Number of protein chains: 2
Amino acid sequence: MGSRPSLAQVAALSGVSVKTASRALSGEGYVAVETKARVQSAADELGYRLNRTARELRRGGNTSTLVGLLSGDLANPFYSRLASGLERELRMHGLQLITASTDENPEWEGRLTDSLLERRVRGLVVASTMAEHGHLAAERRHGSPFVFVDRPPVNLTADAVLLDNRGGAKRAAEHLLERGHRRIGIVGDLSRLSTHQDRVEGFAEAMEAAGIADWREYLLEDAHDVDKAERAVLALLARDPAPTAVFTTNNRITTGALRALRQGGGGRDTALIGFDELDLGDVLGVTVIAHDPEEMGRHAARLLLSRLDGDEGPARRVVLPTRLVERSTTAPR
Amino acid sequence: MGSRPSLAQVAALSGVSVKTASRALSGEGYVAVETKARVQSAADELGYRLNRTARELRRGGNTSTLVGLLSGDLANPFYSRLASGLERELRMHGLQLITASTDENPEWEGRLTDSLLERRVRGLVVASTMAEHGHLAAERRHGSPFVFVDRPPVNLTADAVLLDNRGGAKRAAEHLLERGHRRIGIVGDLSRLSTHQDRVEGFAEAMEAAGIADWREYLLEDAHDVDKAERAVLALLARDPAPTAVFTTNNRITTGALRALRQGGGGRDTALIGFDELDLGDVLGVTVIAHDPEEMGRHAARLLLSRLDGDEGPARRVVLPTRLVERSTTAPR
DNA sequence: ATGAAAGCGCTAACAC
DNA sequence: GTGTTAGCGCTTTCAT
């Protein structure tokens, strides 16, 4: 329970000055071998451990080896895989990840952002749920790089790693249209999210190109969790006429849809395509628009690292591709 | 890109002393309303932000509001859900989570532990992959509480939150035995992990109670990833005589087994039960031994918080229950 | 090869 | 209500 020994105590015990102890332990050189050994054993005896925050305060004053990640919720595999890819890449460069979940609450995101900046994180990766990011412009001038992931910054110029949401959703709709479907339901997440809007747009583009003007009749939004999604899909199936196919715009909604469809009834024949790969998508035979969340994390890390390395070039925007993985839920019957 | 303004600069700009500026901004009171406003606007103008590490250095000297989590890999839903539950609970008490993945590499775990302790985390939650933890005894004396999750500490007395691995695995075996199975395959993770060993033991207990002495014939271990698990299950199915049922001892292995069984052949008739719930377990109809990783995270947080609160009582060990969720992969045929 | 003094950004303690 | 001084644990600078 006692407080930790400081360098001064190690120095006292080994009979040298604080600076010599510092030199000995940080391997800075210019210390006699014998002195170094004495300091080392004093440190071991006391259980000394460097105070990295004190070192950082003295050194740069202003930065640590911490990188912050703000995202919705780690329990969502999309975010946790993103975090995993990010962390792996950062670690290779001596940086450590500090995570904070916003639960898609803009107010919390603001507070958590402040808190991470106060901790002097070296940079920030954020899957933002805020409508607007102008307030961060001042921060950028003080040298904290931001990398936006999944959703682009608004009113702010910053690096971003995004998905080809529009193209992926368009491909999904086209795939269903090619299979002969005309009444296609679409169930989406929170309508305020840009990812949602882009996916709906891509879907709309394909539908309208196919001459289907009333696709909105089968659009249901704001299904943010699995239960809501399940209910939304059930509601869609209960329509008359019912859609013959459903496009779900993210992994949780697809999960809800699978639960709804499993309940049999007319549902069994309904075709399904989902945005995001699923853990057991292949076993279940779910057709999806797949992409790689880990890769998004790695890209974000690389952008951040290049900024930390002094890259002052214009903001970059990486758009990662999606691909159609055709499985049995859209097989011809 | 410039460095951040310090309190001294804010003080200078508003024409007060550093301490007054400190008081004004930290809301400590005893500041004239007018002064406070002047300081505040100077801070805004400069884009001032508190340096929390400096504050912490001055305050307690030795601790921050950070809690470290060491676990295998966030991409594994077990760990990410654990992290999610932990973070939520910590956040309610003003603490923030800093995560580090060990990839089940003991050496890295050691380095990452050091690194987190140097950062003066307030406490450490660890799903350890090390064989032994005696080296941490000295740390405990310096007041950094450790909470072990999923796997117990060895040669160290510390709080732990564990699963009823033995009971869950025994229940799994019993369930298969009740269904009339006698040749039951069991595929496990890294054999050095205590969770693995406990699960095998529970399984063995049920098998031997049923008079099946040669169950080891169908034991395959060290299937640490999905691919290895898939191959292990295929190998099991190719035996003559083949097992009529398989018990997979964690979520990744179950995933691999599902892939193997899907490939048809004799596999289609093989019964399956897995340890850990799966995201789409209900849709797939996989019988599992389920438990709640988020709950494990919350428990760990509560244990840690009570230690931070001054609880000096003996080490506690929480064992969370598992439950059998019966679905179609073990349905009678 | 070693040490003394100063200071990173902040706050506790004690003035005034 | 406000300022001064000292110091958290460490490293930089400059001596010796």
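All figures in this text were calculated on a predicted structure; none of them were measured in a lab.
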Checklist entry - With the sugar-phosphate defined as primed atoms, P, OP1 and OP2, and the base as all remaining atoms, what B/S/- string results for nucleotides 1-7 of chain C, 5' to 3', for protein heavy atoms under 4.0 Å? => result SBBB-BB
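Considering CZ of A:Arg88 and CG of B:Asp73, their distance stands at 4.5 Å, rounded to 0.5 Å.
Every side-chain contact (heavy atoms from CB on, under 4.5 Å) that A:Arg317 has, sequence neighbours left out, goes to A:Pro152, A:Pro153, A:Ala160, A:Leu162, A:Val319.
Atom CD in A:Glu56 sits about 15 Å away from atom C1' in D:dC8, given to the nearest Å. Atom CG in B:Leu7 sits about 12 Å away from atom P in D:dG3, given to the nearest Å. Whole-Å rounding puts the B:Leu50 CG to C:dG9 P distance at 12 Å. Here the C1' atom of nucleotide D:dG9 and the CZ atom of B:Arg119 are 16 Å apart, to the nearest Å. Rounded to a whole Å, the CD atom of A:Gln9 is 14 Å from the C1' atom of D:dC10. Spacing between atom CZ of A:Arg59 and atom C1' of D:dG9 amounts to 13 Å, rounded to whole angstrom units. Following rounding to the nearest Å, B:Glu28 (CD) and C:dC14 (P) show an atom-to-atom distance of 15 Å. Put simply, NE2 on B:His142 is 13 Å from P on D:dG9, counting in whole angstrom units.
The distance between the ring centers of B:Phe148 and B:His133 falls below 6.0 angstrom.
Side-chain contact check for A:Thr157 and A:Arg140: no donor-acceptor pair (N or O, by modelled atom type) lies under 3.5 Å. Checked by atom type, the side-chain pair A:Glu28/A:Ser22 shows no donor-acceptor distance below 3.5 Å.
Between D:dC10 and A:Ser22, no contact under 4.0 Å exists linking OP1 or OP2 to a side-chain N or O.
At least one side-chain heavy atom of B:Leu193 sits less than 4.5 Å from a side-chain heavy atom of B:Thr129.
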